[in-house]
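Read through the structure below, which is laid out as C-alpha cells, and then see the notes.
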Amino acid sequence: MPRLLPVEACDLPEDYDPSVPPRTPQEYLRRVQIEAARCPDVVIAQIDPKKLRKKQTVSISLSGCQPAPDGYSPSLRWQQQQVAQFSAVRQSLHKHRGHWRSQPLDSNVTMPSTEDEESWKKFCLGERLYSDLAAALNSESQHPGIDYIKVGFPPLLSIVSRMSQATVTSVLEYLVNWFEERNFTPELGRWLYALLACLEKPLLPEAHSLIRQLARRCSQIRAGVEHKEDDRVSPLNLFICLVGRYFEQRDLADCNDPS
C-alpha cells in the first residue's frame, strides 16, 4: 500500500520497550508501523462450532396460513375483542414489570440459561411431555399434588418479568420449533401467549419469522381437526388472530366471518 504519512523507517532500537506508551505522535505512528509489520499475512480464526447457534440465517417464509375449514373461522368481532384484551395485557405487563421482577421466586424455581434449549422446554412444558404419558399419569395418581417438574412451570409474572428480550425470543424459538413436530397442548398455549405478550415491537427479523411460523403451524393443526367443538380450535384461532391482526401480519389473518 502507498505510504500516506511521512513516517521514517522503524528500525527497533536496542532499548525498545513495547510496554512503555508512546510519548509523541511520531513515536505513536512508529509503534503502529512496528505492530503492523509483525502481523502475519494470513490469519485463521479459531472458531468453536459448539458456540455457534444452530440457525445463523433468518429465513422468512412468505407463504400464508391454510384456510380455516367451514365453520371454524372466528368472527371479526371476536378477533377484535381478542386483540383489545391482548393489548391490555401487554400494557399491564409493561407497567408492572419492575414490581413483578422484584418479587422473590419460589425455592423450587430455577430459570435455565438462555442458551439451554432442552432445559427451557422441560421448564415450560414439563418432563411429562418427554416421557411416557401413561406412566407419568399413573405416577401422578399415586402422588397427589402438583409437581411442576413434571407438568411444567406456569408463565408467572414473577418469571416472565425476569426474561430479557433475547431470552423471550430464544424460548419462543424453542417452543415454536417443538410445536412444529408435535400437537398443541394447554401448557404450550399458556407459554406462547405469555411470550407474545412480552415480545417488544417493532419486531426483530428473527421474531417476525417465528410468529409467522407459529401462525402457519396453528392453521395446519386446525385444518386437521375433525370437530369444531374440539378444545384446540379456540386457542389455535387466537394465535392466528394475534399474529395476523395485533402483529400486523395481515396475509396470515383469517378472513372476516360475517357471523
Side-chain angles (χ1 to χ4, degrees), residues 55 58-61 64-66 68 73-74 76 78-97 100-101 111-112 114 117 120-121 123-126 129 152-222 231-254:
K55 294 185 177 180
V58 176
S59 176
I60 300 178
S61 174
C65 289
Q66 296 188 24
S73 180
L76 177 59
W78 183 89
Q79 295 182 63
Q80 292 171 336
Q81 290 174 343
Q82 302 309 314
V83 169
Q85 182 177 352
F86 182 68
S87 179
V89 169
R90 285 173 57 92
Q91 292 176 14
S92 178
L93 178 60
H94 177 75
K95 180 178 180 180
H96 301 290
R97 180 181 294 275
W100 287 108
R101 187 187 293 123
M111 297 174 62
T114 300
E117 178 175 354
W120 268 112
K121 288 189 289 189
F123 183 88
C124 299
L125 306 174
L129 297 179
F153 289 91
L156 303 174
L157 290 173
S158 57
I159 293 178
V160 298
S161 295
R162 285 175 162 81
M163 299 172 66
S164 66
Q165 277 302 292
T167 301
V168 169
T169 304
S170 294
V171 177
L172 181 62
E173 177 184 2
Y174 302 152
L175 297 184
V176 169
N177 289 339
W178 186 91
F179 185 33
E180 279 290 335
E181 300 177 356
R182 294 168 181 84
N183 212 326
F184 183 84
T185 67
E187 295 89 348
L188 176 66
R190 287 192 290 266
W191 269 99
L192 289 176
Y193 189 91
L195 293 171
L196 292 181
C198 295
L199 203 58
E200 293 181 357
K201 297 174 71 175
L203 297 178
L204 296 175
E206 184 176 1
H208 178 269
S209 175
L210 287 171
I211 64 170
R212 291 182 62 86
Q213 181 181 349
L214 170 61
R216 289 194 299 269
R217 177 57 177 166
C218 287
S219 71
Q220 182 182 9
I221 296 291
R222 183 181 61 180
D231 292 338
R232 294 171 295 172
V233 172
S234 182
L236 293 174
N237 282 340
L238 174 60
F239 289 120
I240 296 172
C241 167
L242 295 181
V243 171
R245 300 195 179 276
Y246 183 84
F247 290 103
E248 301 176 325
Q249 306 301 304
R250 302 294 184 184
D251 60 307
L252 303 181
D254 283 316

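- Here the shortest heavy-atom pairing between Val160 and Trp191 reads CG1-CZ3, 4.0 Å.
- Taking CG of Asp231 as the start and CG of Leu236 as the end, the distance is 11.0 Å to the nearest 0.5 Å.
- For Ser92 (side chain) and Val89 (main-chain N/O), no donor-acceptor pair under 3.5 Å exists by modelled atom type.
- Contact annotation: the side chain of Gln82 never approaches that of Tyr246 to less than 4.5 Å [non-hydrogen atoms, C-beta and beyond].
- For the residue pair Thr114 / Thr167, a side-chain donor-acceptor distance below 3.5 Å is found, with atom types taken as modelled.
- Note that CG of Leu192 and CZ of Phe184 are 6.5 Å apart. Values are rounded to the nearest 0.5 Å.
- Summarising the geometry of Asn183 relative to Leu188, their closest heavy-atom pair is O-CD2, 4.4 Å, with the distance given to 0.1 Å.
- Sparse packing is recorded around NZ of Lys95, with 12 or fewer heavy atoms of other residues, nucleotides or ligands lying under 6.0 Å away.
- A donor-acceptor contact closer than 3.5 angstrom links the side chains of His208 and Gln249.
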Inset, instruction - Before giving the answer on side-chain contact (heavy atoms from CB on, under 4.5 Å), spell out for Leu76 and Arg245 the whole-Å C-alpha distance, their side-chain angles and the decisive distance to 0.1 Å. - result: CA-CA 10 Å; Leu76 177 59; Arg245 300 195 179 276; 4.1 Å; yes
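- Scanning both residues, Leu203 and Ile211, for their nearest heavy atoms gives CD1-CD1, 3.3 Å.
- The shortest non-hydrogen separation linking Cys218 to Phe239 is SG-CB, 3.8 Å.
- Atom OH in Tyr193 sits 6.0 Å away from atom CG in Leu238 (nearest 0.5 Å).
- Ser170 places a side-chain N or O within 3.5 Å of a backbone atom of Ala166 that can act as its donor or acceptor partner.
- Side chain of Ser219 to backbone of Cys65: no donor-acceptor contact under 3.5 angstrom is found.
- Side-chain contact check for Met163 versus Met111: some heavy-atom pair is nearer than 4.5 Å.
- Looking at Glu200, its side chain never comes within 3.5 Å of a backbone N or O of Gln165 through a donor-acceptor pair.
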Legend entry - Check against side-chain contact (heavy atoms from CB on, under 4.5 Å), Phe123 and Val171: CA-CA 10 Å; Phe123 183 88; Val171 177; over 6 Å; no
Inset, instruction - Give the C-alpha distance, both sets of side-chain angles, the deciding distance and a yes or no for side-chain contact (heavy atoms from CB on, under 4.5 Å) between Asp251 and Arg212. - result: CA-CA 10 Å; Asp251 60 307; Arg212 291 182 62 86; 2.8 Å; yes
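- Not one N or O on the side chain of Trp100 forms a donor-acceptor pair closer than 3.5 Å with the backbone of Ile159.
- In this structure the side chain of Glu206 reaches within 4.5 angstrom of the side chain of Glu173, judged on heavy atoms.
- Surrounding CD of Gln81 are more than 12 heavy atoms belonging to other residues, nucleotides or ligands, all under 6.0 Å away.
- Within the 3.5 Å criterion, the main-chain N or O of Ser161 finds a donor-acceptor partner in the side chain of Arg101.
- Annotation: cation-pi pair Arg217/Phe179 present, NZ/CZ under 6.0 Å from the ring centroid and within 45° of its normal.
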Inset, instruction - Take Leu125 and Leu175 through the test side-chain contact (heavy atoms from CB on, under 4.5 Å) and record every step on the way to the result. - result: CA-CA 9 Å; Leu125 306 174; Leu175 297 184; 4.1 Å; yes
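- Residues Gln79 and Pro74 approach most closely at NE2-O, 3.3 Å, considering heavy atoms.
- For the residue pair Gln213 / Asn177, a side-chain donor-acceptor distance below 3.5 Å is found, with atom types taken as modelled.
- Atom CD in Gln91 sits 11.0 Å away from atom CG in Leu93 (nearest 0.5 Å).
- Between Asn237 and Asp254, the closest side-chain pair of non-hydrogen atoms falls below 4.5 Å.
- Side chain of Arg90 to backbone of Leu196: a donor-acceptor contact under 3.5 angstrom is found.
- Of all heavy-atom pairs between Tyr174 and Lys121, the closest is O-CD, 4.0 Å.
- Proximity of Phe153 to Cys124: side-chain heavy atoms (C-beta onward) are nowhere separated by under 4.5 Å.
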